[in-house]
Amino acid sequence: MKKKDTYYLTTAIAYANAAPHIGFALELLYSDVMCRYQRLLGKEVHFLTGTDEHGQKIFKAAEQSGQDSQSFTDEQSAKFSELADLWNISNDDFIRTTEDRHKAGAQKFWLASMKNGDIYKKTYTGLYCVGCESFKTEKDLVDGLCPDHKKAPEILQEENYFFRLSNYQKLLEKLFEKNKSFIVPASRFNEMYNILKNGLEDISVSRSKEKLPWGITVPNDPTQVMYVWFDALTNYITALGYGSADETNFEKFWPAVHVIGKEINRFHSLLWPAMLMSAGLETPKQIAVHGWMTVDGQKMSKSVGNVINPAELTAEYQLEAVRYFLVREIPFNDDGDFSSEKFRERYTADLANGLGNFTSRVLTMVEKYCDNQIPAVANIDNNFINFIKTEIWPNYLKNMDVWNFVHAYEIVWKLVAACDQMISDRKPWILAKEGKIQEVKDLLYHLCEALRQIAIMIYPVMPETSEKLITQLGLDVNIELSKSLSDLQEWVDLTVGNKINKGEILFPRL
RNA sequence: CGCGGGGUAGAGCAACCAGGCAGCUCGCAGGGCCCAUAACCCUGAGGUUCUCGGUUCAAAUCCGAGCCCCGCAACCA
């Protein structure tokens, strides 16, 4: 089974107990950039996102809102798929854990794991807080009391199903040793590797239905529902049709690259691979762990009141600019800060004064000096071509490949700066006055071609701007974007004589 | 002694692994230009590289001690 031309990427599924958080938008965005890039590389991409809709918190949130759980989650989940549309996310599928295709698959998965002897019943004795309706650990308690309800928890026994995570200690270690980029960045890999080496214990993977009616029923035991994580993680394969009559997509696309936030790394890097091994399936290709966004240097929190609503953010600023800012400013492998001030700075410097102004000056000159047409070139500047070919593209590609979008786009803007500098050096307005019109045309031809290549490089992060640029150069968007990246990065003859379409200013000053 | 990351111009970061003129972006000051969105180009100012000690011809870099910030552990996105 050959899969080298496919690329399957998932975001974590968002827990749908509240309105979408900017952090999830960021995760969607990183994923979208990578998927669009992979499509440019010619891969057949399958991009999945969705919502996680079971568990205690959802059940309670629904109760509080006075709705039944299903209509509550219908409403919540819609907000997330709307966000994906609003942010121009190119996902191919959107899964909800309350869908039948997921529930059926999750149960199949349970049975596969159970058949291998990895799921067993055990009586669990724990400290149960009636107020919270959940078990507490010693560490949760303050002075022996539940911090939320100020009551001592009861000692309660419950029979649950457990997953033999401990069985996979050795196999997981092997997985980690064999593939050092199983988790990126390396710091996250090390974190998990250390936890792993400290030893894994079996974990409880079901709850009594009596206490928690909102979940997927354990196969052959109507008294129990699956623990949300055991349920949720399987979305990555149930969405591909695992366990259904048609497993074509599963065969074709699995295993996945999982894009997740650092807070759920354990579940994805330790529990999930063990679950997959238990069900006799391939482990994920990679876990890519991104950092968090701070606002004005502070952690976002409801009590501070600095939580950013993604829809409000893009209502205030141009979506493409927001996408660029986040990708350029919040490094994938680390935390990064958002502030209006930083946004304006980068917008003005990179988009308005940088790319936008550069586009504008080039197209205006083509209008003015070349009768609005892509000029014919007499002398090719090999230094310039080599610069793009050897300094820009390889660096761009190398960084995009490893989620280093910050550097990849830094490189692209180096090209913009080099072009601006070239205009200053050659002074086309003087050449024009001196009647050296072919020299002007040669220069402008090079600048137009550079602009075309820049349009391709920015496509993953600013697809609409990319298309605008391509159109302005008198090219056909559909034809250009259907070409392979190796063709697109070659220096080509733009269609000489093509009319350019100078449009609106790309990025007006704020 | 739980594990790990970090402290470098006003801000954000690079250089550290493998010691050799401390670099980039933004901001600031001055100059140039007139194709362009008051944009663009050039020059300049600005550093006790957290502290103390050690190794070395030479330390931001290596070693030791300390101070401070942060992440994971702990269903935060």
Side-chain angles (χ1 to χ4, degrees), chain A residues 11-15 17-28 52 55-58 80 134 136-137 139-140 185-198 227-229 232 259-267 271 289-294 297 299-302 307-308 310 328-329 331 333-337 339 341-342 344-346 348-369 406-407 410 413-414 416-417 419-433 440 443-444 447 502 504-510:
Chain A
T11 69
I13 45 177
Y15 200 62
N17 65 334
H21 190 282
I22 185 79
F24 185 63
L26 183 65
E27 183 167 309
L28 282 173
D52 179 9
Q56 191 93 38
K57 283 191 177 174
I58 302 256
F80 287 86
S134 69
K136 299 279 164 189
T137 65
K139 284 178 185 168
D140 292 331
S187 54
R188 300 291 168 197
F189 178 97
N190 293 336
E191 242 166 51
M192 288 306 124
Y193 198 23
N194 282 331
I195 292 173
L196 177 59
K197 283 188 287 193
N198 285 334
Y227 171 55
V228 281
W229 272 105
V259 178
I260 60 164
K262 59 187 181 180
E263 75 286 355
I264 53 176
N265 194 3
R266 294 191 119 202
F267 299 99
L271 176 59
V289 187
H290 63 80
W292 279 3
M293 226 175 112
T294 56
K299 202 165 163 169
M300 256 181 270
S301 82
K302 282 177 191 153
V307 176
I308 292 181
R328 181 68 181 76
E329 195 79 21
N333 62 1
D334 206 350
D335 290 355
D337 190 49
S339 71
E341 209 179 21
K342 279 184 178 143
R344 300 181 88 88
E345 260 178 35
R346 194 159 283 289
T348 302
D350 290 7
L351 299 180
N353 297 352
L355 180 59
N357 180 60
F358 168 61
T359 304
S360 173
R361 63 198 303 212
V362 170
L363 294 181
T364 302
M365 284 192 279
V366 171
E367 232 172 29
K368 217 175 221 175
Y369 303 132
V406 170
H407 272 104
E410 198 179 305
W413 259 259
K414 258 189 189 148
V416 175
C419 289
D420 269 331
Q421 195 182 340
M422 188 157 84
I423 298 175
S424 294
D425 289 350
R426 304 272 176 91
K427 302 181 175 54
W429 51 93
I430 290 180
L431 294 174
K433 274 178 201 156
V440 175
L443 172 69
L444 288 174
L447 295 173
K502 193 184 172 205
E504 294 288 297
I505 277 176
L506 292 175
F507 301 102
R509 299 179 64 76
L510 291 176

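Per chain, numbering begins at 1; letters A, B, ... match sequence-line order.
We find that the ring of Phe358(A) and the base of rA36(B) do not stack by the test of centres under 5.5 angstrom and planes tilted less than 30°.
Contact between Phe80(A) and Ala19(A) at its shortest, heavy atoms only, is CZ-C, 4.3 Å.
Within 4.0 Å of Lys262(A), counting heavy atoms only, lie sugar-phosphate atoms of the nucleic acid but no base atom. Within 4.0 Å (heavy atoms only), Gly356(A) reaches at least one base atom of the nucleic acid. As judged by a 4.0 angstrom heavy-atom cut-off over every strand, Phe507(A) is placed among the base-contacting residues. At the heavy-atom level, Glu27(A) lies nowhere under 4.0 Å from the strands shown.
Taking the C1' atoms as reference points, rC40(B) lies 41 Å from rA77(B), given to the whole Å. Taking atom C1' on both rA9(B) and rA65(B), the two are 29 Å apart, rounded to the nearest angstrom. Rounded to whole Å, the separation between the P atoms of rC35(B) and rU49(B) comes to 47 Å. rU43(B) and rG23(B) have their P atoms separated by 14 Å, given to the nearest Å. Separation of the C1' atoms belonging to rG64(B) and rU55(B) is 11 Å when rounded to the nearest angstrom. The separation of rU61(B) from rC17(B), taken at their P atoms, amounts to 9 Å, rounded to a whole angstrom. One C1' atom belongs to rC52(B), the other to rA59(B), and the distance between them is 15 Å to the nearest Å. Rounded to the nearest Å, the gap between the P atom of rG47(B) and that of rG10(B) is 7 Å.
Taking atom CG of residue Asp335(A) and atom C1' of nucleotide rG4(B), one finds them 14 Å apart after rounding to whole Å. If you take CD1 of Ile58(A) and P of rC75(B), they are 16 Å apart, rounded to a whole angstrom. Going from atom CG of Leu26(A) over to atom C1' of rA77(B) covers 9 Å, rounded to whole Å. Rounded to a whole Å, the CG atom of Asp425(A) is 16 Å from the C1' atom of rC34(B). To the nearest angstrom, C1' of rC75(B) lies 10 Å from CG of Asp52(A). The nearest whole Å value for the distance from the CZ atom in Arg426(A) to the C1' atom in rC33(B) is 17 Å. Distance, Leu196(A) CG to rG2(B) C1': 16 Å, rounded to whole Å. As rounded to whole Å, 11 Å separates atom P of rG4(B) from atom CG of Asn198(A).
In the set rC75(B), rA36(B), rC26(B), the nucleotide with an atom closest to the side chain of Glu345(A) is rC26(B). Distances from the side chain of Arg188(A) to the nucleotides rG71(B), rC75(B), rC76(B) place rG71(B) closest. Nearest nucleotide to the Met365(A) side chain, out of rC35(B), rU37(B), rA77(B): rC35(B). Closest contact between the side chain of Glu263(A) and the listed nucleotides rU37(B), rC76(B), rC35(B) involves rC76(B). Of all nucleotides listed (rC40(B), rU37(B), rC33(B)), rC33(B) comes nearest to the side chain of Trp429(A). Distances from the side chain of Asn357(A) to the nucleotides rU37(B), rC41(B), rA77(B) place rU37(B) closest. Counting only heavy atoms from C-beta on, Arg361(A) has its side chain closest to rC40(B) among rG71(B), rC40(B), rC41(B). With rA73(B), rC3(B), rC35(B) as the choices, the nucleotide that has an atom nearest any side-chain atom of Ile195(A) turns out to be rA73(B). Closest to the Arg266(A) side chain, of the nucleotides rC35(B), rA36(B), rA73(B), is rA73(B).
Salt bridge Arg188(A)/Glu191(A): present, at least one basic N to carboxylate O contact under 4.0 Å. Under 4.0 Å is where a charged nitrogen must lie from a carboxylate oxygen, and between Glu329(A) and Arg346(A) at least one such pair does.
Look at rU51(B): its Watson-Crick or wobble partner, with both distances under 3.5 angstrom, is rA65(B). rA74(B) makes up no base pair with any nucleotide shown, lacking Watson-Crick or G-U wobble contacts both under 3.5 Å.
OP1 and OP2 of rA38(B) both lie 4.0 Å or more from every side-chain N or O belonging to Arg509(A). Distances shown here put a side-chain N or O of Asn353(A) below 4.0 Å from the OP1 or OP2 atom of rC40(B). Neither OP1 nor OP2 of rC76(B) sits under 4.0 Å from any side-chain N or O of Lys57(A).
The main-chain N or O of Phe267(A) is never found under 3.5 Å from a side-chain atom of Trp229(A) such that the two would form a donor-acceptor pair. Of the possible polar contacts, none joining the Asn17(A) side chain to the Ile58(A) backbone as a donor-acceptor pair under 3.5 Å is found.
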Please step through side-chain hydrogen bond (donor to acceptor under 3.5 Å, both in side chains) for the pair Asn353(A) and Thr348(A), ending with a clear verdict.
CA-CA 6 Å; Asn353(A) 297 352; Thr348(A) 302; 6.0 Å; no
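Note that the CD1 atom of Ile13(A) and the CZ atom of Phe24(A) stand 9.0 Å from one another [nearest 0.5 Å].
Each of Lys427(A) and Pro508(A) was matched to the nucleotide of RNA chain B holding its nearest heavy atom; the match closer to the 5' end belongs to Lys427(A). In terms of position on RNA chain B, the residue among Ser187(A) and Lys342(A) whose nearest nucleotide sits closer to the 5' end is Ser187(A).
Inter-residue side-chain proximity for His290(A) and Ile260(A) is flagged as unmet; no heavy-atom pair is nearer than 4.5 Å.
Contact of Trp229(A) with rC75(B) (side chain to base): a donor-acceptor pair of N or O atoms is detected under 3.5 Å. Side-chain atoms of Tyr227(A) come within donor-acceptor range of the base of rC75(B), with a qualifying N/O pair under 3.5 Å.
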